[in-house]
Amino acid sequence: MRDWENGEIAAVQNRDHKFLRKAVEEAYKGVESGDGGPFGAVVVKNDEVVVSCHNMVLTCTDPTAHAEVTAIREACKKLKRIELSDCEIYASCEPCPMCFGAIHLSRIKRLVYGAKAEAAIAIGFDDFIADALRGTGFYQKAHLEIKRADGNEAIIAEQVFEKTKAKFQMY
């Protein structure tokens with residue numbers, strides 16, 4: 001490896017460490033304020049923090065107000081757009097499937113996380129969704145029935161996409 005490559009790698013690592021520390025600070029801030037669990041996230045664009053957020057589940061009485069989702073919502077509002085393809089997200093912990101889905105849907109170009117999900121699971125955070133996706137969980141824990149509608153209702157629901165495709169384009 002050439003010297004300039006080593007320097008470039010070190011610069012990226014230093015940058016990642018700086019923004020990851022900010023996400024961890026947010027995690028502590030959220031717990032200390034009573035807003036939610038110990039999770040923080042930072043959205044960065046061009047080496048500048050766009051937003052720095054923490055878990056807001058308790059304060060917002062919203063089970064979807066995870067740090068990453070909150071950061072994506074706030075970044076989209078601030079930048080006045082729904083795609084963040086020129087942004088990165090730093091998360092204090094490996095994102096749950098919901099947060100990963102939000103990261104994917106927002107088109108964020110890069111995710112850097114600190115703790116593995118097992119660290120959160122070890123202190124009691126629910127791992128059911130991750131287990132279900134991996135095929136390792138006990139599905140009865142959720143007590144959720146999932147059924148696709150049949151008959152005319154399913155056809156009507158599918159038609160909305162065909163009937164509105166000319167009026168609505170994502171990107």
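Just so we're clear, the structure is a prediction, and the values are computed from it rather than from any experiment. Starting from 1, each residue takes its place in the sequence as its number.
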Taking all non-hydrogen atoms of both residues into account, name the closest pair between [X] and [Y] and its distance.
{"X": "C93", "Y": "E68", "result": "O-OE2, 3.7 Å"}
{"X": "I89", "Y": "I108", "result": "N-CG2, 3.8 Å"}
{"X": "S85", "Y": "K109", "result": "O-CB, 3.4 Å"}
{"X": "I103", "Y": "P95", "result": "CD1-CG, 3.9 Å"}
{"X": "A91", "Y": "A23", "result": "C-CB, 4.2 Å"}
{"X": "S33", "Y": "G30", "result": "OG-O, 3.1 Å"}

Q: Take E32 and K29 through the test salt bridge (Lys or Arg N to Asp or Glu O under 4.0 Å) and record every step on the way to the result.
A: CA-CA 5 Å; E32 290 167 12; K29 184 176 166 185; over 6 Å; no
So how far is it from [X] [atom1] to [Y] [atom2], rounded to the nearest 0.5 Å?
{"X": "E26", "Y": "S52", "atom1": "CD", "atom2": "OG", "result": "3.5 Å"}
{"X": "M56", "Y": "D35", "atom1": "CE", "atom2": "CG", "result": "4.0 Å"}
{"X": "K116", "Y": "I121", "atom1": "NZ", "atom2": "CD1", "result": "10.0 Å"}
{"X": "K18", "Y": "Y90", "atom1": "NZ", "atom2": "OH", "result": "9.0 Å"}
{"X": "E25", "Y": "S92", "atom1": "CD", "atom2": "OG", "result": "11.5 Å"}

(Q) Treating K78 as the side-chain partner and V50 as the backbone partner, does any N or O pair qualify as donor plus acceptor under 3.5 Å? (A) yes
Going hydrophobic residue to hydrophobic residue with side-chain gaps under 4.5 angstrom, can you get from [X] over to [Y]?
{"X": "L111", "Y": "L84", "result": "yes"}
{"X": "L20", "Y": "Y113", "result": "no"}
{"X": "V51", "Y": "L79", "result": "yes"}

(Q) Between R73 and D62 (salt bridge meaning N to carboxylate O under 4.0 Å), is one present in this structure? (A) yes
Q. Could E88 and R110 be called an ion pair, given the rule that one side-chain N must be under 4.0 Å from one carboxylate O?
A. yes
Q | Chi angles and distances behind the side chain to side chain contact (heavy atoms under 4.5 Å, CB included) call for C96, H66 | A | CA-CA 9 Å; C96 74; H66 290 195; 3.5 Å; yes
Q. Are any non-hydrogen side-chain atoms of F19 and V49 less than 4.5 angstrom apart?
A. yes
Taking only distance into account, with no hydrogens and no angle test, what donor-acceptor pairs under 3.5 Å do side-chain atoms of residues 36-47 form with protein atoms, sequence neighbours excluded?
from, atom 1, to, atom 2, distance (Å)
D47, OD1, R15, NE, 2.2
D47, OD1, R15, NH2, 3.0

